[in-house]
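Take a look at the structure below.
Letters go in sequence order (proteins before strands), and every chain restarts at 1.
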Protein chains: 2
Amino acid sequence: MMEPSEPRDTLLIELVENGDRFLPHLSIDCVVFGFHASQLKVLLLKLTNADLYALPGGYIYQEEDTDQAGARILAERTGLTRIYLEQFGVFGRHDRTNNRVHQQIFESFGIPFDPDFWMWKRFVSIGYYALVDYDQVTPTPDLFSDRCDWHDVGTLPPLLFDHARLVEKALETLRLMLDHKLVGFNLLPEMFTMAELQGVYETILNRKFQRTNFQRKMLSLGILERVQKKYGGGSHKAPYLYRFDTGKA
Amino acid sequence: MMEPSEPRDTLLIELVENGDRFLPHLSIDCVVFGFHASQLKVLLLKLTNADLYALPGGYIYQEEDTDQAGARILAERTGLTRIYLEQFGVFGRHDRTNNRVHQQIFESFGIPFDPDFWMWKRFVSIGYYALVDYDQVTPTPDLFSDRCDWHDVGTLPPLLFDHARLVEKALETLRLMLDHKLVGFNLLPEMFTMAELQGVYETILNRKFQRTNFQRKMLSLGILERVQKKYGGGSHKAPYLYRFDTGKA
DNA sequence: TCAAAAGTGTTACTAATACACCCATGT
DNA sequence: ACATGGGTGTATTAGTAACACTTTTGA
C-alpha cells in the first residue's frame, strides 16, 4: 500500500530504480466495476499531462502470487481490501504497448526517454475484473496519473493501448458470470433492497425484468437473508433490506 | 517447428544457451483435448527418466504474440497447424514450480543443476486448451520427454507441478463453452456422423441425450451441412456425414 | 388514507424431455 | 427380411414471462 506521507518523487524514483524487484515483461490491469445512479461504472486513471485514460495496473513482485498482486494494486487505487477479484484473460500481442505514448508520459515528468528502460519493454498483461461497492471506494491516482474517477461503461474516454478491449472483454465475462455465479451482490453495499439488486441486473444485462418474477427467482435461490427495514423518509412503506447469506451460497 | 534432422543434444544446448530469446518467467501450457473410442483424451508428455507426466508447454519469443506461441508449441507437439486454441486462465502462484523436480530432470541428462539457470526460475504460466481431431495428431515428445501419448481425462497419471489443476480448469471451461459456443466440432474429423457428435457431447458433459431431440436441436442451429453417406460396410443403412458449415456460423 | 413495497395467483408461452412410431436403405 | 440410421408427431413437464390483484406499512 502506498504511504501517503512519502513524497511522490521519491516513490517515482524508487519505482524506476527497482524494476528488478518485479517480474519483467508482465503486468496486471484491473477493470474495476462499480454501480451508481443506475449506471455501471469503471474506475479510470487520467494520465498526467495527457488527455488519455488508463486502467489501474501494476507489476508483480518476484515472490508474489499474481492474485496477490492484483489485490495489492487494487487496494492502492481504491483503499479496499477483500475485493471480489477475478481473472478474465491475458493480453499478449507483442505490439500492444506503444513507445510513443510512453515517451510522452515520461518526458512530461522531465525525465529523458530511454528506450532500454525496463518499463518501456514489451508487456504481457493479465486482466482482472473487480466488483466493488461504489460508495466504499476512495479513488486514488497513481504515479503516472493526476486523477482517478468513475466513468460510465457506455461512454468511455480515449483509453491507453488496448485497454478499451480489456474493458469490453471484462464486461462480456461479467455478463456470463452473472447468469450462473451469483456475483451481482458484490456491486452493492452489504445491505440492499430488492429494487437495487434488480437495477444491477437490468443495467448489466441491458434488459428489464418483471418485478414480481425477479423477486420470486432471487428469493427462491435461498441465499438472501431479509434483515430489516430501510427508512428512506418517504410517505410510504419502507423497503426491506437484504443481505447476501454467504453461509448458504 | 522442430527440425527432425537436428540431433537432440544440439537442440537442448541451444535452448539452454538462448534463454534470452524468450520472455523470462513466462510460460505456456497447453491442454490438448482429443476424442477417441467414446473417451475424452488429453495429450501428455512423459518426462525422461521419471515416472511423471507434463502438459505440452513452452516459452514465448521476445517478439511473438502469446497466441502465436501457443500455436507454435502445439504445432511442435502435434504436427498440426490451424488448431482451435483458446486461453482459459493464468496460473501465477509464486511457488507453483518446484526445483527439486527440476533438479532431478536436469541431472538425468547429465547436466549439473544450477539454481540460477533461467529455466528454473519462477514461472507464471498461461493456460491454453486446444480441440483437435485425434486421428490427425502425430504425438511428438519434446526435449525433456521420451514419450507423448493420449490419456483418458478420467484416469490421469501423476502430473508435474499444478498441471492436474490446469487440466481440471480447462475441462470446466470446455464444458461451459460447449453450451453456448458450438465448439464440439473441433474434436471430430471434418466430416462426422450425428451419432459421433452426440457422443462428444455426452462424454464431455457426462450425460445422455435423446437421439431424436439431439438431432433436432443440432440441425435447427442451421450450421450443419449434410454431405454424403458413410459406407461403413455394415448390413444396414449407412449414416449421413455432416460438415460444420463455417459460412453460416 | 395515500403511496409505494411486497407478496400471491393465474394464464400464456416457450423450451426441454421422453417416447411411440414410421420411413429409408444396404446387405 | 432385418438391422440400423434417420425423421415426425406428440404428450408431459419445467421454466419464463406477463399481469391482475391483495396485503403491508410509514407518514
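Of the residues in residues 205-220 of chain B, those lying under 4.0 Å from DNA chain D by heavy-atom distance are B:Arg211, B:Thr212, B:Gln215, B:Arg216.
Ring centroids of A:Tyr128 and A:Phe88 are separated by 6.0 Å or more, keeping the two rings apart. In this structure, the ring of A:His151 has its center less than 6.0 angstrom from the ring center of A:Tyr53.
The CD atom of B:Glu202 sits 12 Å away from the P atom of C:dT17 (whole-angstrom rounding). What separates OH of A:Tyr201 from C1' of D:dT16 is a distance of 16 Å, to the nearest Å. Taking atom CZ of A:Phe192 as the reference point, atom C1' of C:dA5 lies 16 Å away to the nearest angstrom. In this entry the distance linking CG of B:Leu224 with C1' of D:dG7 reads 16 Å, nearest Å.
Side-chain contact of B:Ser145 with B:Thr48: a donor-acceptor pair under 3.5 Å is absent, judged by distance alone.
Other residues, nucleotides and ligands place no more than 12 heavy atoms under 6.0 Å from the CZ atom of A:Arg93.
Remark: A:Arg226 is positioned above the aromatic ring of A:Tyr240, its terminal NZ or CZ atom under 6.0 angstrom from the ring centre and at most 45 degrees off the axis. The side-chain tip of B:Arg207 points at the ring of B:Phe209 from less than 6.0 angstrom away and within 45° of straight on.
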